Trainee: 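The following block contains the structure, expressed as structure tokens.
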Amino acid sequence: GFRPDLIAMGCPTNLYPFACKMAEKLRGRLPDVPILMGGHHTQALPEYVLGNPHIDMVCTGEGELAMLELVSRMERGQDYT
């Protein structure tokens, strides 16, 4: 079945309510998989987004290099907090 190691979604402000619903549904089905949100809404309001109980981490700014570092750390079993 579907067993990702990480769920990542980009989110502009106008889609934030939809992204929150999606995160909630994914959390219900995959409770141990970390959920990351990036995008314009997260850039503007990172603390607010982290206040959502279904979002585990946020990416602010350009995510290409940050995402690479994150998944590399996860793959090696290193701390990524």
Side-chain angles (χ1 to χ4, degrees):
F2 181 62
R3 293 297 308 163
D5 295 316
L6 174 68
I7 297 167
M9 59 179 83
C11 180
T13 298
N14 64 324
L15 295 180
Y16 183 68
F18 173 76
C20 288
K21 283 288 188 192
M22 181 61 68
E24 182 179 2
K25 289 178 184 283
L26 289 165
R27 173 68 73 221
R29 298 184 86 184
L30 303 163
D32 298 326
V33 177
I35 299 176
L36 176 144
M37 185 176 285
H40 292 116
H41 192 73
T42 302
Q43 177 75 22
L45 300 165
E47 294 86 9
Y48 177 77
V49 174
L50 279 174
N52 181 314
H54 308 295
I55 305 297
D56 300 303
M57 53 187 119
V58 296
C59 182
T60 58
E62 295 299 320
E64 288 82 1
L65 295 177
M67 187 68 111
L68 179 59
E69 182 177 348
L70 172 63
V71 298
S72 293
R73 286 177 174 265
M74 291 176 77
E75 185 177 55
R76 292 189 304 260
Q78 295 176 324
D79 179 38
Y80 56 87
T81 56

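The analysis underlying the following values was restricted to heavy atoms, covering all of them including side chains, and did not include hydrogens, waters or symmetry mates. Just so we're clear, the structure is a prediction, and the values are computed from it rather than from any experiment.
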Trainee: Look at the side-chain heavy atoms of Ile, Leu, Val, Met, Phe, Trp and Tyr, link any pair under 4.5 Å apart, and say whether Tyr16 and Leu45 land in one connected group.
Mentor: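 Yes, same cluster.
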Trainee: Group every Ile, Leu, Val, Met, Phe, Trp and Tyr by side-chain heavy-atom contacts under 4.5 Å, then state whether Met67 and Leu50 land in the same group.
Mentor: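 Different clusters.
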Trainee: Locate the shortest heavy-atom distance separating Val33 from Pro4; write the atom from each residue and the value.
Mentor: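 Heavy atoms of Val33 and Pro4 come nearest at CG2-O, 3.3 Å.
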Trainee: OG1/Thr13 to CD/Gln43 distance, rounded to the nearest 0.5 angstrom?
Mentor: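 Going from the OG1 atom of Thr13 to the CD atom of Gln43 covers 10.5 Å.
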Trainee: With a 4.5 Å cut-off on side-chain heavy-atom distances among I, L, V, M, F, W and Y, is there a chain of contacts connecting Phe18 to Ile35?
Mentor: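 Same hydrophobic cluster.
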Trainee: Does a side-chain heavy-atom distance below 4.5 Å link Glu47 with Val58?
Mentor: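 No, too far: nothing below the 4.5 Å cut-off.
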Trainee: As an exercise, state the distance from OH of Tyr80 to CG of Leu36, rounded to the nearest 0.5 Å.
Mentor: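 It comes to 10.5 Å.
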Trainee: Drop me the distance from Leu30's CG to Leu6's CG, to the nearest 0.5 angstrom.
Mentor: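 Here the rounded value is 11.5 Å.
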Trainee: Looking only at heavy atoms, which two atoms of Ala19 and Met37 are closest? And how far apart?
Mentor: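 What the structure gives for the nearest pair is CB-CE, 3.6 Å.
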Trainee: Take atom CZ in Arg76; do more than 12 heavy atoms of anything else shown fall under 6.0 Å from it?
Mentor: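 Buried by this count: over 12 neighbours within 6.0 Å.
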Trainee: Angle class for the Tyr48/His41 ring planes (parallel below 30°, perpendicular above 60°, tilted otherwise)?
Mentor: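 Rings of Tyr48 and His41: perpendicular, as their planes differ by over 60°.
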Trainee: Of all heavy-atom pairs between Cys20 and Asn52, which one has the smallest distance, and what is that distance?
Mentor: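 The answer is SG-ND2, 3.2 Å.
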Trainee: Take atom CD in Glu62; do more than 12 heavy atoms of anything else shown fall under 6.0 Å from it?
Mentor: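 Open: at most 12 neighbouring heavy atoms sit under 6.0 Å from CD of Glu62.
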Trainee: Look up atom CG in Asn14 and atom NE2 in His40, then write down how far apart they are to the nearest 0.5 Å.
Mentor: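 Going from CG on Asn14 over to NE2 on His40, the span is 11.0 Å.
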Trainee: Calculate, to the nearest 0.5 Å, the distance between atoms CG and OG1 belonging to Asp56 and Thr81 respectively.
Mentor: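 Interatomic distance, Asp56 CG to Thr81 OG1, rounded to 0.5 Å: 12.5 Å.
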Trainee: Could you pull out the closest heavy-atom pair between Pro34 and Met57, with the gap in Å?
Mentor: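 What the structure gives for the nearest pair is CB-CE, 3.5 Å.
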Trainee: Locate the shortest heavy-atom distance separating Cys59 from Thr42; write the atom from each residue and the value.
Mentor: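 Of all heavy-atom pairs spanning Cys59 and Thr42, the closest is O-CG2, 3.6 Å.
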Trainee: Drop me the distance from Leu26's CG to Lys21's NZ, to the nearest 0.5 angstrom.
Mentor: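 Reported to 0.5 Å precision, the distance equals 13.0 Å.
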Trainee: Give the minimum heavy-atom separation between Met9 and Met22, together with the two atoms involved.
Mentor: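 Scanning both residues completely, I find the closest heavy atoms to be CE-CG, 4.3 Å.
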